[in-house]
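Single-structure report; data block below.
Owing to the predicted nature of the structure, the values given are computational and were not obtained by experimental measurement. These numbers come from the heavy atoms of this one structure, side chains and all, not from hydrogens, waters or symmetry mates.
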Amino acid sequence: MPQTLAPAAELVGRELETALLHERLRDPLVRLVTVTGRAGVGKSRLALEAVREVGGEFARVAVLDATAPGGWPAPSELSEPSERPAQSRSPQSSQSSQPSQPSGRILLLLDDCDHEARPAAARALEALTADPRVVVLATSVEPLGVYGELLLPLAPLPVPGPRRGPASAAADPHALQEVASVALFVRRAREADPAFSLTLENAAAVAEICRLLGGLPLALELAARRLRLFPPHLLASRLRGRTTMLSGGPANAPARHRSLAALAEWSCRGLDGADRELLGQLSVYEPGFGLWAAGLSAEAAVETLLDRGLLAVVGEEQGELRLAVAAPRPSEPRADRGGAGGEGAAQGSPPGRYP
């Protein structure tokens with residue numbers, strides 16, 4: 001069943017990706033765009049805001065959750081006149097629901113095509129994109145593997161570089177504020193505590209928090225909420241080695257977005273034993289490793305972990321890519337695999353093992 005758009009959400013540090021997504025959705029030759037990226041990176045938020053901005057250029061817009069029951073619509077169902085969600089800020093949006101609009105195209109946002117929902121979503125997309133009027137924007141942790149799919153990979157936000165030289169020179173608040181991960185952290189921190197500001201005294205700790213969390217937007221937002229209890233230097237100290245301790249996400253958010261422990265468990269769902277074991281082995285390599293560390297026989301598993309966002313490319317050395325287990329690392333699995341439906345906090349297990 002098509003659903004209405006969520007309230008407008010502020011995007012920080014996504015100007016390039018936003019422009020590219022708008023360009024692809026407006027391209028008459030494009031039929032399917034999949035925003036990919038690890039859990040918590042902001043795929044749904046980016047996609048929803050894109051629909052809100054360009055939806056007025058389509059004759060019809062539908063928003064579907066791939067995990068919701070009820071099956072998939074046929075193109076004929078999408079083209080039936082009905083009330084459109086108010087997704088565009090254009091003053092002409094009130095007329096955009098009329099099928100007589102010149103483009104006559106239909107925009108379908110299919111969100112959360114992950115894990116168990118992925119095969120069904122891929123089959124549905126093949127049928128939907130057979131109709132030349134339908135343009136599908138999908139979000140998924142990994143590519144759907146459908147013919148004609150264009151990928152828009154979404155990476156975590158850039159983080160400050162490692163501190164060098166005097167602390168006062170390396171932690172200039174004005175310079176740090178220009179780094180997207182810091183900008184997002186500061187905005188969310190002010191929402192939790194309106195008196196918060198980035199200063200010479202806390203800038204180094206804020207930069208360290210952003211590095212420890214790898215620029216992952218969900219992790220930054222959860223961390224910012226903790227400033228109600230801990231000043232930045234204490235929060236940074238608590239996060240060293242235990243990034244999955246963060247929790248306290250909104251009650252109306254999906255369970256996986258309420259804590260990093262739940263996010264880590266969800267991200268590893270569906271991995272076979274060999275993939276999980278390899279992920280644990282590779283987590284000991286800091287700051288990264290080449291393919292030789294995984295072994296030639298593990299290339300397929302490495303590709304799977306890359307697609308899931310559990311591994312990240314961190315550079316190149318002597319013509320070979322260097323990889324690293326993405327931060328924040330899901331290195332603290334649940335104490336009880338059978339509890340809380342897989343969403344429990346991660347406690348009491350040795351680092352380097354995965355749920």
Under 3.5 Å, is there a donor-acceptor pair between the side chain of [X] and the main chain of [Y]?
X	Y	value
Ser237	His233	no
Lys43	Arg38	yes
Ser267	Ala39	no
Arg228	Arg225	yes
Thr34	Leu151	no
Asp112	Ser44	no
Arg31	Val134	yes
Thr36	Glu142	no

Verify the cluster assignment for [X] and [Y]: are they in a single hydrophobic cluster under the rule of side-chain heavy atoms below 4.5 Å apart?
X	Y	result
Leu20	Leu107	yes
Leu239	Leu234	yes
Leu64	Ile106	yes
Leu218	Leu212	yes

Could you tell me if the side chain of [Y] sits less than 4.5 Å from the side chain of [X], heavy atoms only?
X	Y	answer
Leu144	Cys113	yes
Val186	Leu176	no
Glu208	Arg240	yes
Arg14	Leu154	yes
Phe185	Leu227	yes
Ser140	Glu149	no
Leu279	Cys268	yes
Val136	Val146	no

Euclidean distance, [Y] [atom2] relative to [X] [atom1], rounded to 0.5 Å:
X	Y	atom1	atom2	value
Leu213	Leu157	CG	CG	11.5 Å
Leu323	Leu305	CG	CG	10.0 Å
Arg105	Leu25	CZ	CG	8.0 Å
Leu137	Asp111	CG	CG	8.5 Å
Leu260	Glu265	CG	CD	13.5 Å
His22	Glu57	NE2	CD	9.0 Å

So Leu310 and Leu271, side-chain contact (heavy atoms from CB on, under 4.5 Å) or not? Walk me through it.
CA-CA 11 Å; Leu310 295 170; Leu271 290 179; 3.7 Å; yes

Looking only at heavy atoms, which two atoms of Pro173 and Ala203 are closest? And how far apart?
CG-CB, 4.3 Å

Heavy atoms of Ile209 and Ala223 approach each other most closely as CG2-CB, 4.3 Å

Which word best sums up how the rings of His115 and Trp266 line up, parallel for under 30°, tilted for 30 to 60°, or perpendicular for over 60°?
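Tilted.
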
Sort out for me which residue in Leu184, Leu246, Val12 forms a side chain to side chain contact (heavy atoms under 4.5 Å, CB included) with Leu220.
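Passing option: Leu184.
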
Among Val51, Val135, Leu128, side chain to side chain contact (heavy atoms under 4.5 Å, CB included) partner for Leu108:
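Among Val51, Val135, Leu128, the one meeting side chain to side chain contact (heavy atoms under 4.5 Å, CB included) with Leu108 is Leu128.
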
Would you mind checking if Arg123 and Glu126 are paired as a salt bridge, meaning a charged N to carboxylate O distance below 4.0 Å?
no

Give the intermediate values and the outcome of side-chain contact (heavy atoms from CB on, under 4.5 Å) for residues Leu311 and Val325.
CA-CA 5 Å; Leu311 293 182; Val325 175; 3.8 Å; yes

Hey, is CD on Glu23 packed in by over 12 heavy atoms from elsewhere, all under 6.0 Å?
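Counting other residues, nucleotides and ligands, CD of Glu23 stays at 12 neighbours or fewer.
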
